[in-house]
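Okay, structure first, notes after.
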Amino acid sequence: MAPVLPLVLPLQPRIRLAQGLWLLSWLLAVVGGLTLLCSGHLLVQLWHLGTFLAPSCPVAALPQVALAASAVALGTGLVGSGASRASLDAAQYPPWRGVLGPLLVAGTAGGGGLLVLALGLALALPGTLDTGLEEGLGTALANYKDTEVPGRCQAKRLLDELQLRHHCCGRHGYKDWFGIQWVSNRYLDPNDQDVADRIQSNVEGLYLIDGVPFSCCNPHSPRPCLQSQLSDPHAHPLFDPRQPNLNLWAQGCHEVLLGHLQGLASTLGNMLAVTFLLQTLVLLGLRYLQTALEGLGGVIDGEGEAQGYLFPAGLKDMLKTAWLQGGVARRPAPEEAPPEEEPPKEGLPEA
């Protein structure tokens, strides 16, 4: 049975293969380490912004899987560099002969599978992230006023810090604050006629105003911040409600956070793609080097040509043999029939 993808490797190509693998392995280790850092950074960012993501949003799966995949890639690069360097010395290579087999299996099955899964999660992230931010920010805005409700006491502080840090206002814009009550009833005077009229005019009994929290104000604005009566063109002199970006943050937090997290995920996805490519090259090279050296007894400068391959027999023949062996193993052994008794010999009549 012919091996799968055989490659004849004379002496000089074997040496160049080992030297190239040493360089590629170190490059894989560096890229794997950088991917590990990118995964950790994205995971920390998602942890900080978890309040503004829906609880059912599985975005944290991407950096977690990427962490495992990059750790396997880092280990593959370090072990591969050691094995390829040791293969150049017949005295140092024997201890590595037992390491290459498990490394190839773990790197291919574990590392390759994790990298493919992480790349799939990176491609599916934008839609998942969009939905999670839409729901999470809506909940955060609705809980802004609940500073004394257990479990929501920090909602106001976290949302104010978010708007100040990321220069955004509301979910999709400053007018989102007009449709919710963001001032707690504790700070409303029920005897004030304006307050009573606003509450009575609302079907749900909410106190709605055309104003925004202080964290929506742009400190770069040349005029003092305008937070209330933003819909009234005559309430503030020299203020045009059609151009609120001169006084307030122009973008909504949904757009800002989506762009920020997608940028981090895009960088991580590119790093995963490069890691996958390098790991594939390293594993293929190590397999060819391993099989070529096994044919020479582990001596890279042995005389004659060596043949490297991926599998020792044709894939079709391997599967057929495995299937037949499994079928024979599963087939019950036939019951042994008792030996048939020979019929009694009739006596011959005497002459």
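Here the OG-CG distance, from Ser39 to Leu62, works out to 7.0 Å after rounding to the nearest 0.5 Å. Note that the NZ atom of Lys175 and the CG atom of Asp210 stand 10.5 Å from one another [nearest 0.5 Å]. With values rounded to the nearest 0.5 angstrom, Gln251 atom CD is found 10.5 Å from Leu257 atom CG. In this structure, the separation between SG on Cys253 and CG on Leu258 is 12.0 Å, given to the nearest 0.5 Å. For the atom pair Trp249 CH2 and Leu164 CG, the distance stands at 7.5 Å (nearest 0.5 Å). Distance check: Glu135 CD to Asp130 CG gives 12.0 Å after rounding to the nearest 0.5 Å.
Between Thr147 and Cys153 the shortest side-chain heavy-atom distance does not fall below 4.5 Å. Side-chain contact between Leu248 and Asn218 is absent, with no heavy atoms from C-beta onward closer than 4.5 Å. Using a 4.5 Å heavy-atom threshold, the side chains of Thr51 and Thr139 count as separate. No side-chain heavy atom of Val59 sits under 4.5 Å from any side-chain heavy atom of Leu121. Within the 4.5 Å cutoff, the side chain of Ile209 has heavy atoms near those of the Trp182 side chain. Between Cys57 and Thr128, the closest side-chain pair of non-hydrogen atoms falls below 4.5 Å. Counting heavy atoms from C-beta outward, Leu137 and Leu162 have side chains that approach closer than 4.5 Å. Considering only heavy atoms from C-beta on, His254 stays 4.5 Å or farther from Asp176 through its side chain.
The nearest pair of heavy atoms linking Leu36 to Ala71 is CD1-N, 4.1 Å. Ala118 approaches Leu272 most closely through the heavy-atom pair CB-CD1, 3.6 Å. When all heavy atoms of Leu28 and Thr275 are compared, the pair lying nearest together is CD1-O, 3.8 Å. Here the shortest heavy-atom pairing between Ala69 and Leu115 reads CB-CD2, 3.7 Å. Smallest separation of non-hydrogen atoms from Ala29 and Leu78: CB-CD2, 4.0 Å. Ala73 and Gln279 make their closest contact through CB-OE1, 3.2 Å (heavy atoms, listed as atom of the first residue, atom of the second, distance).
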*asked:* Applying side-chain contact (heavy atoms from CB on, under 4.5 Å) to Arg171 and Glu255, what does each step give before you reach the verdict?
replied: CA-CA 8 Å; Arg171 180 164 51 179; Glu255 178 184 358; over 6 Å; no
*Report the C-alpha distance between Leu159 and Phe52 in whole Å, list the side-chain angles of each, state the deciding distance to 0.1 Å, and finish with yes or no for side-chain contact (heavy atoms from CB on, under 4.5 Å).*
CA-CA 9 Å; Leu159 191 51; Phe52 311 107; 3.8 Å; yes
*Hey, mind stepping through Gln181 and Leu188 against side-chain contact (heavy atoms from CB on, under 4.5 Å) and telling me if it holds?*
CA-CA 11 Å; Gln181 178 179 341; Leu188 297 177; 4.0 Å; yes
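The hydrophobic clustering, which links ILVMFWY residues whose side-chain heavy atoms are closer than 4.5 Å, places Ile15 and Leu23 apart. Under the 4.5 Å side-chain heavy-atom criterion for ILVMFWY residues, a single connected hydrophobic cluster contains both Leu119 and Leu117. Hydrophobic clustering (ILVMFWY, side-chain heavy atoms < 4.5 Å, transitive): Leu141 and Val256 are in distinct clusters. Residue Leu289 is not grouped with residue Trp22 when hydrophobic side chains (ILVMFWY) are merged at heavy-atom distances under 4.5 angstrom, including chains of intermediate members. Note on Val31: it clusters hydrophobically with Leu283, by side-chain heavy-atom contacts below 4.5 Å among ILVMFWY residues.
Members clustered with Val44: none, using a 4.5 Å side-chain heavy-atom cutoff among hydrophobic residues. Hydrophobic cluster of Leu206: the remaining members, joined at side-chain heavy-atom separations below 4.5 Å, are Leu208, listed by chain and number.
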Donor-acceptor pairs under 3.5 Å, side chain of residues 260-268 to any protein atom, not counting sequence neighbours: which ones?
from   : atom 1 : to     : atom 2 : distance (Å)
His260 : NE2    : Gln45  : OE1    : 3.1
Thr267 : OG1    : Gly263 : O      : 3.0

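Within the structure, no pair that satisfies the side chain to side chain donor-acceptor pair (under 3.5 Å) test touches residues 77-86, not counting sequence neighbours. Each side chain to side chain donor-acceptor pair (under 3.5 Å) pair with one or both residues in residues 160-169, not counting sequence neighbours, appears once here: Tyr144-Asp160, Lys156-Asp160, Arg157-Glu161, Asp160-Ser215, Gln163-Trp177, Gln163-Ser215. Sorted by first and then second residue, the disulfide bond (SG atoms under 2.5 Å apart) pairs involving residues 182-218 (not counting sequence neighbours) are Cys169-Cys216, Cys217-Cys225.
Within the 3.5 Å criterion, the main-chain N or O of Asp146 finds no donor-acceptor partner in the side chain of Asn143. Judged purely by atom type and a 3.5 angstrom limit, Gln227 has no side-chain atom pairing as donor or acceptor with the backbone of Gly211.
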